[in-house]
Protein chains: 2
Amino acid sequence: MCEFDYQLNLIPLTRQELLSTVCEKVSKKRFKHILGVEQAAIELAKRYEVSIEKASIAALLHDYCKELSDEQFRQAIVDYRLDSELLDWNNNIWHGMVGRFIIEDVLDIHDVEILHAIEIHTTGSNQMNLLDKVLYVADYIEAGRSFPAVEAARLIAASNLDAAVAYETSQTLLHLIRQNVPIHPLTLQTYNHFCANMLV
Amino acid sequence: MCEFDYQLNLIPLTRQELLSTVCEKVSKKRFKHILGVEQAAIELAKRYEVSIEKASIAALLHDYCKELSDEQFRQAIVDYRLDSELLDWNNNIWHGMVGRFIIEDVLDIHDVEILHAIEIHTTGSNQMNLLDKVLYVADYIEAGRSFPAVEAARLIAASNLDAAVAYETSQTLLHLIRQNVPIHPLTLQTYNHFCANMLV
């Protein structure tokens, strides 16, 4: 686990306060995953010259809303007047796309880069900045992950961030299709942009 | 090869004239595929109580524009004032989505069901009628096809048309992703509707 303090006043919490806030909100297993994502995100941030502090905060908050109930997400979609098409989706999509608004509101966090990285950490998009890519990839390769493709993903991530986004997206799509799981249009957009070299 | 005449005056051509028109427009190999699709479409039409005549016409015309040049498609997108986003795609998408307008214009064919089946025969959609499904599946299972999944697809098509659409869509997506080929949003829509049971 990393030990350092935030210096940039990006959020109204110290790193220790943020850790405590997140720890109270999720299961022990998920908190361990979140710490793994933070570690991976910091390593990627150093490698690709992204703000380490933003990478840490985005990573620590990316699953902050993962354990909310479907009913809480549906209510949030109404309360925050979000696109009603979001109601057709599920926790996989909501904890990022709706979670981003809950985090902004409840934790008083307004850094748009951090919020955007959290918003699209599950789907990606065709417009990802370095912080978006760092969180997207870190969530896939953190040390606690053990699925077959993860070793290749780690190797690719160490040398080429866009290639890591592409590999993760292809592997994720193949997994979702084999499981007959719904796929969000943004995931397809990420695939077409990063894997199929289409600028759509 | 089937031998029968059209009775319903759906198009301003006899079946023999339509065969000649198509034969002149495509390679011998593609014409053989087209005749295979017609045969498969007629069998599915009988099984699922769809107009045999519409199934025959849609099948004979589904690849009518397949051998046009990219330049011809780009010009058609401009001439017919179609959505400029179509310009981002390729022959795989154009021969159905743009071809439908060329067929309507050049061959004086205006049956909306036939034209719609041709339009979406590559992608499917979340709103497919029986004729759409018959052509979509026939194109995948016709006797000339020999890829690994085709035998399973034929067995499924013989008993459940929606399941055949779902199987074909999943298999097609897996194939496209493994090849890093761009995927049209309508293909994802078809997947989410038929495979993932999402009404999007």
task = Assess whether atom CG of B:D83 is packed by more than 12 heavy atoms of other residues, nucleotides or ligands within 6.0 Å.
result = yes

query = Under the criterion side-chain contact (heavy atoms from CB on, under 4.5 Å), which of B:N192, B:T187, B:L188 is the partner of A:L188?
reply = B:L188

inquiry  = When you group the ILVMFWY residues by side-chain heavy-atom contacts below 4.5 Å and let the links chain together, are B:L8 and B:L60 in the same group?
reply    = yes

inquiry  = Taking side chain as everything from C-beta outward and backbone as N, CA, C, O, which of these in A:H184 sits under 4.5 Å from a heavy atom of chain B? Side chain, backbone, both or neither.
reply    = backbone

ask   = Is A:F31 linked to A:I118 within one hydrophobic cluster, defined over Ile, Leu, Val, Met, Phe, Trp and Tyr using a side-chain heavy-atom separation of less than 4.5 Å?
value = yes

query = Above 12 or not: heavy atoms from other molecules or residues under 6.0 Å from CD of A:Q72?
reply = yes

message = Do A:F101 and A:V22 land in one hydrophobic cluster if side-chain heavy atoms of ILVMFWY residues count as linked below 4.5 Å?
response = yes

task = Please check if atom CD in B:Q127 has more than 12 non-hydrogen atoms from other residues, nucleotides or ligands closer than 6.0 Å.
result = no

query = Given the rule that I, L, V, M, F, W and Y join up when any side-chain heavy atoms are under 4.5 Å apart, are A:V78 and A:I102 in one cluster?
reply = no

remark   = Contact list (residues 103-114 of chain A to chain B, heavy-atom gap under 4.5 Å, by number) returns none

task = Could you tell me whether the side chain of B:L173 reaches within less than 4.5 Å of the side chain of A:L173, counting heavy atoms only?
result = no

message = When you group the ILVMFWY residues by side-chain heavy-atom contacts below 4.5 Å and let the links chain together, are B:I93 and B:Y80 in the same group?
response = yes

task = Nearest 0.5 Å please: distance from the OG1 atom of B:T172 over to the CD1 atom of A:I177.
result = 10.0 Å

inquiry  = My understanding is that only residues two or more places apart in sequence, or in another chain, count here; which of them pass side-chain hydrogen bond (donor to acceptor under 3.5 Å, both in side chains) with B:S27?
reply    = B:E67

inquiry  = Sub-4.5 Å heavy-atom contacts with chain B: which residues of residues 163-170 of chain A show up?
reply    = A:S170

ask   = Between atom CD1 of B:I183 and atom SG of A:C195, what is the distance when rounded to the nearest 0.5 Å?
value = 8.5 Å

inquiry  = My understanding is that only residues two or more places apart in sequence, or in another chain, count here; which of them pass ring-ring contact (aromatic ring centres under 6.0 Å, His included) with B:H95?
reply    = B:H121

